[in-house]
Amino acid sequence: MQRLSVWITRVLHRPVSALAERGLLLPSVVSAGLFFLLPLGLLLLYSFGSVNLLNYQVYFGWTFSNYTGILRSIYLGVMLRSLALSLGATLACLLIGFPVAHTIARARGRRQVVLLVMIMIPFWTSFIVRTYGIYNVISYKGPLDRLLNALGLLHGQLQSLLFQPAGIAIGIVYSYLPLMVLPIYVALERIEPNVLAAAADLGARPRRVLWRVVVPLAAPGIVAGCMLVGIPAAGEYTIPAILGGNKTLMYGNVVSDQFLALGNYPFGSAIAMTLTGLLLGVLLWLRSRAAKAEARTAR
Amino acid sequence: MGDSDDLHTMAVTRRQALAWGAAGAVASGSLSSVLAACGSSSKPTVSSQLRGTLILLGYPGWYGPNEFTGFHHLHPALTVKNSASGLVGDAQHMAEIAGNRGKFDLTLCGPPLARQLQLAGLLQPLDRSAVPNIKNVAPVFQREYPWGIPTDYGKTGIAYRKDLIPERPTSWRDLWRLAKKYSGKTTMLNYDVDIQGSALRYLGYSVNSTNQAELNKMQQALLELKPHLQAVLSTDYAKPLIEGTAYMAIDYDYDVAAAQQHNKNIVWVLPSEGAAAYIEGWAALRPGRHLAAVWELMNFHLEARNYASFINYTGAAFVEPASKPYLKPYIVSDVSLKYDAAALRRVEFEKYLGAKNVAERGKLWEEFLAA
């Protein structure tokens, strides 16, 4: 067994030629090209096309009318709502996730493993199943409903959080929380205990250590967590549809309606591309911030 | 039948889910009865000429439980497969057929889509002489669905909990008024045509109106209602009503009939102003490579006992009065499902309004949801 381990280590650390290195990259490049770039390119092409509303066949052309159509107030309103909900969910995940990640990072041994597994367990089930799980939790006479009523927070009258904006918020925060906790945990784990001890030795109180040492050093994890939560939450489709009762339309729902209900692929593509472009801009800005933060840490 | 069986077990559509609720666990028709039933109407001479695989584009499970097996026994060289791809809405349905010409032999569709398929040159006209059992279908449905064989229909009306509200709504006007009184206690369907049709009847207009002024008033009426809605539901339409979180709902007749099996306090109302109604049927598609087999399958489906098996399984409102002796008693007598000529006079069937008007209606619906 030990020999095998030594052999694997040698193989993994054997210098490889530049050509072999490129060869190893090939599967990833092909996969990204086929399953990400090609569909994205098709979506971009569709977004400049037009549709025959009799048989819903798409004709490719170079019209910008699909993009100008997005400027109508209905779509701008939905986009703003999606971004606001995404921002709110990201902040809530950060506020809840940071202390959780901090607790896990400070835990040691078996306790830490147990806490990490508890965070990851929900990922072992499908997203739809988790959303329906929340559906039952917040539905009429569900556990949360009973608890809030018992605490007198629903004014003594049985009500349901289902089909309310609060229900959507709970669903998004619950679903995306692990994506915030895990990168922050990794960043906190990497902080040398000596650095914290030095800050304390120099007279910094715990709160000052947190704000001046821990948070800056965890910044790459915080940025990564915000990206992992904020970007998919902005295009969220399932949670508003299931938990919101279709009353709170988000950008993802509009895209879905254009493709599935109205058959207007070009307009749906233009809406999707606009959100993709917007989020790409945010992503690049956050990446540059993260790079600067990492550079500061290295110094 | 592999594909059919896979779809049956894997895919869950709103119709299938509701059908199971409506029909109970298992339909009453057995394979033997199906085979016995079809013996009288099928011609052995035709059977020997029929071979190949028929592909029906339709909801999974939206046919009799033993129907395709029975048909296969009658015509051993012929297999029927059910495909359900692209059935999210009429637009997707149309795109699926137009983009895969020749892939499907027949499709389940309502009059709006059937007419659209006809205009796009994708529909094969019905050969009535090859489907003699069409005589079993009530004339009103034959008239409203000339593109193929009507299979079932549904009305969009009001359901309410008589134990939760003292009022007894009988009209759309009552629903609009009471929805405001009991704010947050009304649900509606997430189907533009049915809800817009209901709002148009509330205002005294045609379900199929294309008049812009009338459509604007309809939109206004819906927007007035929206703040008082609990949800716009895409599935489990009657669940809040059964649980008691909703007092009223705009719902389909067959769904209300199924909900009444769970809660006897749910009441169905066909509003006094009239209601929107849909028909579903099978229509043959071009190029019609297996046309003789398609007509044979349609004829088989309309045989009274086979048809009853389909209705008993799905719990839909029936279009074939001749099948009554074989239907479950609750379907024959249920106020929302039974064949009632007087009630049919109060409904208006949804029609194809033209590409531009369909797009306009879609836009209005999106604006309603986004508001």
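Heavy atoms only: backbone and side chains are in, while hydrogens, waters and symmetry mates are out. In what follows, chains carry the letters A, B, and so on, assigned in the order in which the sequence lines appear, proteins first and then strands, with residues in each chain numbered from 1.
For A/Tyr75, the part lying under 4.5 angstrom from a heavy atom of chain B is the side chain only. Looking at A/Val58, neither its backbone nor its side chain comes within 4.5 Å of chain B, counting heavy atoms on both sides.
The aromatic rings of A/Phe64 and A/Tyr67 lie tilted to each other, with the angle between the two planes from 30° to 60°. Taking the six-membered ring where tryptophan is involved, the planes of B/Tyr59 and B/Trp62 are perpendicular, since the angle between them exceeds 60° and thus also 30°.
Here the shortest heavy-atom pairing between B/Asp251 and B/Ala238 reads OD2-CB, 3.8 Å. Scanning both residues, A/Leu260 and B/Ala91, for their nearest heavy atoms gives O-CB, 4.4 Å.
Taking chain B as the reference chain and counting heavy-atom pairs below 4.5 Å, the highest number among A/Asn264, A/Asn246, A/Leu249, A/Leu162 is found for A/Asn246. Annotation: maximal heavy-atom pairing with chain A below 4.5 Å, among B/Ala359, B/Gly99, B/Gly244, occurs at B/Gly99. Interface summary for chain A: among B/Asn190, B/Val358, B/Thr187, the most heavy-atom pairs under 4.5 angstrom belong to B/Asn190. Counting heavy-atom pairs closer than 4.5 Å to chain B, the top-ranked of the candidates A/Met250, A/Gln164, A/Arg81 is A/Arg81. Contact count versus chain B (heavy atoms, under 4.5 Å) is highest, among A/Val254, A/Asn253, A/Ile74, for A/Ile74. Chain B forms the most heavy-atom pairs under 4.5 Å with one residue out of A/Asn55, A/Leu54, A/Leu262, and that residue is A/Leu54.
For the residue pair B/Gln212 / B/Asn216, a side-chain donor-acceptor distance below 3.5 Å is found, with atom types taken as modelled. Using a 3.5 Å distance cut-off with no hydrogens or angles, the side chains of A/Tyr265 and A/Gln258 do not pair a donor with an acceptor. Of the N and O atoms on the side chains of B/His93 and B/Thr107, at least one donor lies less than 3.5 Å from an acceptor on the other residue.
Near-neighbour residues of residues 364-371 of chain B relative to chain A, defined by a heavy atom under 4.5 Å from a heavy atom of that chain, comprise B/Glu366, B/Glu367, B/Leu369, B/Ala370, B/Ala371.
Between A/Tyr46 and A/Phe60, the gap from one ring centroid to the other is short of 6.0 Å.
Judged by a 6.0 Å distance limit and a 45° cone about the ring axis, A/Arg130 is positioned over the six-membered ring of A/Phe123.
Of the possible donor and acceptor atoms, one in the side chain of A/Ser82 sits under 3.5 Å from a partner among the backbone N and O of A/Val78.
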